[in-house]
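Computed over heavy atoms, backbone and side chain alike; hydrogens, waters and symmetry mates excluded.
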Number of protein chains: 2
Amino acid sequence: MRHVMVQIPKQAGQPPIESEEAQGPRPVPTSADVARLAGVSRATVSYVLNNTSSVRISEPTRHRVRAAAEELGYVPHAAARSLRAGHSRMVLMPASHVPVGPLFSHFLNELHWALRRLDYTVVQYGSVGMGGDEAARAWAELRPVAVFVPGMLAPGQVEVLKRAGAKAVVTLGPERVAGAHALLMDHREVGRCAGAHLVERGRRRIGVVVPAETGLQVFSEPRLQGVREAAAAAGAEVVPLPLAYTEESAAELAGRWRALGLDGVFAYNDEYAMLLMRALQDAGVEVPGETAVIGADDLLLGRLVRPRLSTVHLKMPSGQVLAELLDRVVRAPGAGPEVHDLLAASMVVRESS
Amino acid sequence: MRHVMVQIPKQAGQPPIESEEAQGPRPVPTSADVARLAGVSRATVSYVLNNTSSVRISEPTRHRVRAAAEELGYVPHAAARSLRAGHSRMVLMPASHVPVGPLFSHFLNELHWALRRLDYTVVQYGSVGMGGDEAARAWAELRPVAVFVPGMLAPGQVEVLKRAGAKAVVTLGPERVAGAHALLMDHREVGRCAGAHLVERGRRRIGVVVPAETGLQVFSEPRLQGVREAAAAAGAEVVPLPLAYTEESAAELAGRWRALGLDGVFAYNDEYAMLLMRALQDAGVEVPGETAVIGADDLLLGRLVRPRLSTVHLKMPSGQVLAELLDRVVRAPGAGPEVHDLLAASMVVRESS
DNA sequence: TTGAAAGCGTTACCAT
DNA sequence: ATGGTAACGCTTTCAA
């Protein structure tokens with residue numbers, strides 16, 4: 001069948017014969033082309049291809065139209081369609097290529113499925129290297145019906161999006177933004193959880209790993225803050241520990257461990273924790289005897305090391321829930337902003353603490 | 001400033017006064033609104049806002065137009081714009097939410113940056129739960145100038161995209177697709193690399209972990225095939241080993257290890273390798289003495305376990321390179337399909353093999 | 001320097 | 001049952 005499509009333009013001779021084999025980019029077929037080929041009007045084509053029920057088209061005509069569309073390889077033009085319709089069902093999400101964990105990946109996957117079932121189209125828009133306002137404008141140009149932003153947003157940016165017709169703007173982050181619906185994920189809770197556990201075990205000088213990698217501060221800063229809060233309540237000290245995700249950096253940190261005099265450390269997440277724990281062991285620091293180590297994210301790999309890694313388990317919201325929130329808000333844009341507190345953190349105590 | 005925006009429509013009296021505070025969704029401002037407010041024509045608005053150099057607009061006018069746009073919160077309508085222009089600079093990429101590793105993440109990030117610098121817009125389109133043809137149609141509706149597909153594509157799908165105006169269709173996968181440019185990443189090479197290493201070390205009955213998780217077959221199948229090829233050349237046996245990414249599954253497999261009589265195993269990647277290696281050790285199987293274990297991806301974590309994990313290091317293509325390929329093809333669509341062989345795999349021998 | 005008007009691909013309404 | 005036509009928001013000649 002494709003052979004036909006390829007050969008038609010050459011043999012049809014419809015376009016003035018161009019430089020023989022200059023397969024000059026054939027124009028993209030439009031519904032008008034389909035109409036012409038089928039010998040009907042553009043309106044009829046639209047009716048047939050969209051199965052419009054309010055109008056009756058004879059079966060032979062339907063067939064002719066379908067055949068013509070097939071033959072030309074006609075595909076409707078989404079931009080023209082939504083321009084005409086005055087709205088789209090696009091849910092826009094900035095594509096953040098920060099190293100997201102499997103938890104978040106799974107959440108996104110769920111979200112995609114749930115939204116698709118509600119007949120929305122999810123589009124991730126790359127906005128690397130744009131300032132916040134610039135990015136918001138770029139998103140607004142696409143006229144999405146809803147925007148889902150993992151991360152923060154300035155109130156002005158929310159306003160830009162709403163002015164552009166976005167019925168729902170939902171953020172997923174540490175605090176709510178004026179005008180937007182919010183899924184709160186306060187990472188301080190993660191730090192609090194870890195900190196509380198450590199002080200409860202009698203640790204009094206607690207290190208907190210702060211990844212040197214950029215883009216992680218969004219999470220690391222609140223987590224550090226959470227540990228601070230938990231420690232303050234018990235009169236314990238907190239020491240931030242910058243650490244890059246390399247063996248060298250970990251070895252360097254472990255090398256001056258005794259000088260730091262720490263008896264516990266919250267290592268940002270399981271990966272940094274495993275890295276640091278290995279370096280500590282190699283430097284002769286006993287875990288958990290001399291120093292307790294805990295991570296976060298509850299990775300499977302953390303269970304495989306010895307001692308088994310204690311960790312903070314995070315429960316991500318279900319994509320289902322977010323999809324329903326989006327849909328509800330899109331359908332009833334009048335209602336006030338909803339705020340959901342969604343981060344549930346709990347200690348998983350294993351052997352390293 | 002926003003206060004002004006809110007009040008304008010009420011005072012203009014253009015819409016019939018609705019129920020007082022029913023902040024009924026104000027219509028999205030168009031360039032016509034801007035023109036009206038600034039007291040100029042739509043053409044002038046377009047000239048000013050796009051900095052059209054071929055026409056001179058007086059400074060006071062420019063200022064009035066800009067102020068009006070600002071006041072209304074005007075943002076151009078991307079669909080209308082590209083509809084009129086007849087083309088877009090959208091590079092479409094299906095959003096695959098298969099658990100991709102940090103390698104691929106990094107590659108995507110590079111790609112985004114490089115394309116942005118070339119003034120393209122990257123859009124990831126979620127096509128979960130669509131058949132291949134259905135997905136291709138959905139992509140074609142967006143009229144992207146280029147499509148980048150990590151994974152396979154049927155030749156018919158390529159044709160649909162090209163008919164819809166896509167100047168470049170590039171796949172990243174194990175084999176080339178008719179009509180499309182190809183970045184070849186033949187994962188058999190990974191398996192070959194691992195297999196060759198194992199037989200060279202004298203292993204004769206080699207297990208190959210095949211993840212039970214769906215969505216990974218695209219990689220696991222060719223990797224298995226590669227090991228088979230390497231083993232066949234040396235007269236060694238190959239045994240596929242289904243394994244889910246859970247401790248239970250690993251323990252179960254390790255429990256019947258002796259019965260399997262394997263002296264080497266390629267565990268798909270480092271994560272599965274670490275999982276299996278721990279289970280083997282817990283079951284009393286000595287690594288590498290009794291069984292050699294190797295992974296792939298060269299994760300940092302693999303260096304932290306004991307024995308240190310031998311692994312296959314993969315070198316992903318640079319996003320830069322792909323971006324340049326895309327741009328080149330978009331600008332000169334006539335040229336024949338380019339095929340680049342991009343997967344470089346090499347053994348990193350550590351202690352587990 | 002500015003404005004009027006055509007046209008991009010689609011669909012909804014109103015005539016036939 | 002089918003076709004003509006207008007309109008969606010924008011850019012770009014062409015005229016004034």
Side-chain angles (χ1 to χ4, degrees), chain A residues 27-65 68-69 72-90 137 140-145 163-165, chain B residues 26-65 68-69 72-90 140-145 163-165:
Chain A
V28 180
T30 73
S31 77
D33 296 324
V34 176
R36 196 152 33 232
L37 182 57
V40 299
S41 75
R42 304 210 305 292
T44 307
V45 171
S46 176
Y47 292 145
V48 172
L49 264 32
N50 295 315
N51 284 316
T52 307
S53 54
S54 67
V55 70
R56 300 244 163 280
I57 306 282
S58 69
E59 201 47 52
T61 304
R62 306 180 89 89
H63 195 267
R64 285 216 320 281
V65 170
L72 293 176
Y74 168 74
V75 173
H77 192 307
R81 189 200 291 262
S82 75
L83 178 59
R84 163 68 215 208
H87 61 89
S88 74
R89 289 189 66 81
M90 183 200 312
R137 269 187 64 97
E141 290 190 359
L142 298 180
R143 299 288 191 272
V145 69
R163 286 295 295 157
Chain B
R26 303 190 294 282
V28 180
T30 73
S31 79
D33 295 324
V34 176
R36 197 151 34 232
L37 182 57
V40 299
S41 76
R42 305 212 306 292
T44 307
V45 171
S46 177
Y47 290 145
V48 173
L49 263 33
N50 295 316
N51 284 316
T52 306
S53 54
S54 68
V55 70
R56 300 245 163 279
I57 305 281
S58 68
E59 202 46 52
T61 304
R62 305 181 90 89
H63 195 268
R64 285 215 322 281
V65 170
L72 292 176
Y74 169 74
V75 173
H77 192 307
R81 187 199 293 254
S82 74
L83 180 57
R84 165 67 220 221
H87 61 87
S88 74
R89 290 189 65 81
M90 182 200 311
E141 291 190 0
L142 298 180
R143 298 289 192 272
V145 69
R163 286 295 296 154

Within the structure, does a side-chain N or O atom of [X] lie under 4.0 Å from either OP1 or OP2 of [N]?
| X | N | answer |
| --- | --- | --- |
| A:S82 | C:dT10 | no |
| B:R56 | C:dT1 | no |
| A:S41 | D:dT2 | no |
| A:T44 | D:dT2 | no |
| A:T61 | D:dT2 | yes |
| B:S58 | C:dT1 | no |

Mind calculating the distance between [atom1] ([X]) and [atom2] ([N]) to the nearest angstrom?
| X | N | atom1 | atom2 | answer |
| --- | --- | --- | --- | --- |
| B:N51 | D:dT11 | CG | P | 12 Å |
| B:L83 | D:dA7 | CG | C1' | 13 Å |
| A:R36 | D:dT2 | CZ | C1' | 18 Å |
| B:H87 | C:dC8 | NE2 | C1' | 12 Å |
| A:R81 | D:dG9 | CZ | P | 18 Å |
| B:H77 | C:dC8 | NE2 | P | 18 Å |

Would you say the side-chain atoms of [X] pair up with the backbone N or O of [Y], donor to acceptor, closer than 3.5 Å?
| X | Y | answer |
| --- | --- | --- |
| A:R62 | A:I57 | yes |
| A:R163 | B:L72 | yes |
| B:R42 | B:A32 | no |

*Looking at residues at least two apart in the chain, or sitting in another chain, which of them share a side-chain hydrogen bond (donor to acceptor under 3.5 Å, both in side chains) with B:S82?*
none

*For B:S88, check side-chain hydrogen bond (donor to acceptor under 3.5 Å, both in side chains) against everything at least two apart and list the hits.*
none

*Listed nucleotide nearest any side-chain atom of A:A80, set D:dG9, C:dT10, D:dT2*: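 Looking only at heavy atoms from C-beta outward on A:A80, the closest nucleotide is C:dT10.
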
Can you tabulate the close N/O pairs, meaning under 3.5 Å, that link protein atoms to atoms of nucleotides 13-15 of chain C?
residue, atom, partner, partner atom, Å
C:dC13, N4, A:Y47, OH, 2.5

*Return yes if the base of C:dT10 and the side-chain atoms of A:R84 contain a donor-acceptor N/O pair under 3.5 Å, otherwise no.*
no

_Contact nearer the 5' end of DNA chain C, comparing A:S46 with B:R42_ = B:R42

